[in-house]
Amino acid sequence: MGILSRKVTCNSHGQDSSYFLGWQEYEKNPYDEVKNPKGIIQMGLAENQLSFDLLESWLAKNPDAAGFKKDGQSIFRELALFQDYHGLPSFKKALVEFMSEIRGNKVTFDTNKIVLTAGATSANETLMFCLAEPGDAFLLPTPYYPGFDRDLKWRTGVEIVPIRCTSTNGFQITETALEDAYQQTQKRNLKVKGVLVTNPSNPLGTTMSRDELNLLIDFISEKNIHLISDEIYSGTVFSSPGFISIMEILKDRNCENTEVWDRVHIVYSLSKDLGLPGFRVGAIYSNDDMVVAAATKMSSFGLVSSQTQYLLSALLSDKKFTKNYISENQKRLKRRHKKLVSGLEKAGISCLKSNAGLFCWVDMRHLLSSNTFEAEMGLWKKIVYDVKLNISPGSSCHCTEPGWFRVCFANMSEDTLKLSMQRLKAFVDSTTSARNQSNHQSVKSSRRRSLNKWVFRLSFDDREPGGER
Ligand SMILES: Cc1ncc(COP(=O)(O)O)c(C=O)c1O
């Protein structure tokens with residue numbers, strides 16, 4: 001141990017969070033319709049498997065893209081040797097155009113301001129290295145994506161300070177919550193370097209309102225700090241209100257030549273919108289040339305492979321394909337979301353009204369034995385081990401109220417989702433009837449107690465004066 005670095009032995013990675021523990025339990029006993037029908041169903045993984053057929057049919061029609069060929073000629077050697085950390089220009093062009101398309105072409109992006117990274121994980125960490133020193137702090141609204149403890153803190157030494165959002169206003173960011181987090185950080189003698197939000201939110205599945213986004217711009221302007229907007233779920237918005245990118249707000253406020261323009265950075269990735277987390281394609285978009293230059297140099301530690309860039313530049317340049325993909329994928333997500341919400345309703349469970357993402361933020365407060373995080377853990381263990389559903393407890397997302405859970409709906413078949421809801425309903429029904437029975441029994445025994453008292457008092461009071469006790 002003594003000859004290893006502190007990084008190896010510190011536990012700020014967050015590996016022992018229930019978010020990752022649930023995955024481990026799932027791995028030990030994964031559900032399979034045929035081979036393991038009693039296994040654990042994975043509902044703790046924000047994967048989008050709903051539109052693979054669209055990607056596969058494009059691949060079948062465009063064999064050159066995945067076959068290292070251009071106009072029928074092999075480009076294997078060219079791709080094998082390409083390692084320029086600026087990325088393939090054709091891919092960067094296709095990617096920024098795709099990002100604009102997702103935002104309804106209300107904003108455009110410049111290929112000179114984008115840095116390719118191995119997923120949003122790498123993009124977020126790289127931004128920490130560019131914007132903060134070890135010991136500096138970033139403010140994050142709660143609940144937040146559990147992976148941020150690893151991505152933002154672990155290797156960089158940056159601290160996360162929560163902006164405490166609550167169910168009273170649907171977990172929206174308020175001026176008071178922002179100011180409280182800022183004051184808290186100062187009390188701890190940490191320097192606040194910025195705010196990081198995910199829009200649409202993981203785990204809430206909601207988009208940020210124009211008012212919230214304006215509030216954030218006002219806040220970072222006043223405090224002279226950065227804003228990172230992780231927009232990894234921007235293409236998953238399936239219902240109104242639509243998605244508003246932070247870039248659109250900057251444009252509407254004519255911020256182009258102001259200081260704040262350089263302090264807003266976007267993170268993006270193809271892991272969710274295209275369902276390709278295994279391809280490791282992410283990006284940083286920044287208006288600050290220094291950040292772009294430094295992040296580009298840092299991207300050497302996590303480049304996107306040249307064959308992936310080549311394949312995806314062909315796919316994303318096919319505008320007919322992207323247009324159809326974006327709308328079809330959203331329709332499928334909407335349908336799936338509806339199935340989850342109605343399945344939960346049948347089990348007497350409600351969730352936060354949402355319009356985006358690959359999950360719902362589910363309210364199980366009524367199933368807790370007490371209003372505590374211990375009770376939340378107890379319920380979570382029952383759901384994982386007895387009901388055999390891996391969902392993520394709110395505490396793993398740093399939620400400040402016990403009883404909320406993130407439940408994913410796009411990484412399984414419709415039949416599996418149906419089964420998961422049947423299991424959950426059976427569990428809720430049995431819990432409720434057990435509770436009713438014990439309530440009934442306690443009412444009965446308290447009645448019996450008062451009856452006994454009454455009988456006792458009667459017999460006691462009926463005693464002859466001076467009689468024996
Ligand atoms: C908000 C958020 N940011 C970043 C990531 C990491 O994504 P990637 O697979 O592109 O590294 C995730 C993955 O779940 C996420 O939800």
Side-chain angles (χ1 to χ4, degrees), residues 13-14 17 19-20 22-23 42-49 95 98-99 102 114-128 138 140-156 158 160 162-163 165 171 195-208 227-237 243 245-246 265-285 295 298-299 301-305 308-309 312 333 354 356-361 390-392 394 396-399 406-411:
H13 176 276
S17 135
Y19 176 73
F20 293 115
W23 290 7
Q42 175 61 295
M43 305 188 92
L45 191 56
E47 265 180 4
N48 180 6
Q49 296 185 18
L95 184 63
F98 184 63
M99 286 167 67
I102 284 173
I114 197 157
V115 180
L116 301 179
T117 58
T121 302
S122 172
N124 279 314
E125 189 193 54
T126 302
L127 276 175
M128 289 302 114
F138 259 78
L140 267 70
T142 61
Y144 63 76
Y145 162 54
F148 280 147
D149 291 323
R150 169 198 62 201
D151 306 351
L152 309 180
K153 284 164 55 174
W154 186 40
R155 301 198 300 184
T156 63
V158 168
I160 293 177
I163 302 166
C165 301
F171 296 95
V195 179
L196 185 149
V197 295
T198 63
N199 181 26
S201 161
N202 175 7
L204 302 176
T206 51
T207 45
M208 292 179 87
L227 174 62
I228 299 176
S229 177
D230 181 334
E231 300 186 354
I232 188 171
Y233 292 99
S234 48
T236 68
V237 185
F243 170 65
S245 171
I246 196 69
H265 320 274
I266 290 182
V267 164
Y268 187 56
S269 151
L270 298 180
S271 296
K272 312 296 175 182
D273 293 353
L274 278 191
L276 300 174
F279 278 29
R280 310 306 306 139
V281 185
I284 295 168
Y285 189 88
M298 287 185 202
S299 74
F301 299 100
L303 290 175
V304 182
S305 78
T308 298
Q309 291 190 51
L312 293 177
L333 287 169
S354 61
L358 311 171
F359 30 73
C360 283
W361 187 238
N390 179 39
I391 59 177
S392 309
S396 69
C397 304
H398 302 267
C399 185
R406 190 192 74 169
V407 179
C408 297
F409 57 72
N411 61 321

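Whatever order the structure lists them in is the order used to number ligands and atoms, beginning at 1.
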State, to 0.1 Å, how close Phe409 and Gly357 come at their nearest heavy-atom pair, and which atoms those are.
->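 Of all heavy-atom pairs spanning Phe409 and Gly357, the closest is CZ-O, 3.5 Å.
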How far apart are the closest heavy atoms of Cys360 and Ser354, and which atoms are they?
->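 Scanning both residues completely, I find the closest heavy atoms to be SG-OG, 4.2 Å.
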Can you check whether Gly205's main-chain N or O pairs, donor with acceptor, with Trp361's side chain at less than 3.5 Å?
-> no
Assign the ring pair Tyr144 / Phe148 to parallel, tilted or perpendicular, where the plane angle (0 to 90°) is split at 30° and 60°.
-> tilted
With Asn411, which of Leu45, Leu358, Asn48 fulfils side-chain contact (heavy atoms from CB on, under 4.5 Å)?
-> Leu45
Around Arg155, counting heavy atoms of other residues, nucleotides and ligands shown, do more than 12 lie under 6.0 Å from its CZ?
->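 No, the 6.0 Å shell around CZ holds no more than 12 heavy atoms from other groups.
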Dump the pairs for me: ligand 1 N or O, protein N or O, distance under 3.5 Å, to 0.1 Å.
{"from": "ligand 1", "atom 1": "3 (N)", "to": "Asp230", "atom 2": "OD2", "distance (Å)": "2.7"}
{"from": "ligand 1", "atom 1": "9 (O)", "to": "Ser271", "atom 2": "OG", "distance (Å)": "2.9"}
{"from": "ligand 1", "atom 1": "9 (O)", "to": "Arg280", "atom 2": "NH1", "distance (Å)": "3.0"}
{"from": "ligand 1", "atom 1": "10 (O)", "to": "Ala120", "atom 2": "N", "distance (Å)": "2.8"}
{"from": "ligand 1", "atom 1": "10 (O)", "to": "Ser269", "atom 2": "OG", "distance (Å)": "2.7"}
{"from": "ligand 1", "atom 1": "10 (O)", "to": "Ser271", "atom 2": "OG", "distance (Å)": "2.8"}
{"from": "ligand 1", "atom 1": "11 (O)", "to": "Ala120", "atom 2": "N", "distance (Å)": "3.2"}
{"from": "ligand 1", "atom 1": "11 (O)", "to": "Thr121", "atom 2": "N", "distance (Å)": "2.9"}
{"from": "ligand 1", "atom 1": "11 (O)", "to": "Thr121", "atom 2": "OG1", "distance (Å)": "2.5"}
{"from": "ligand 1", "atom 1": "11 (O)", "to": "Arg280", "atom 2": "NH2", "distance (Å)": "2.8"}
{"from": "ligand 1", "atom 1": "14 (O)", "to": "Lys272", "atom 2": "NZ", "distance (Å)": "2.8"}
{"from": "ligand 1", "atom 1": "16 (O)", "to": "Asn202", "atom 2": "ND2", "distance (Å)": "2.7"}
{"from": "ligand 1", "atom 1": "16 (O)", "to": "Tyr233", "atom 2": "OH", "distance (Å)": "2.9"}

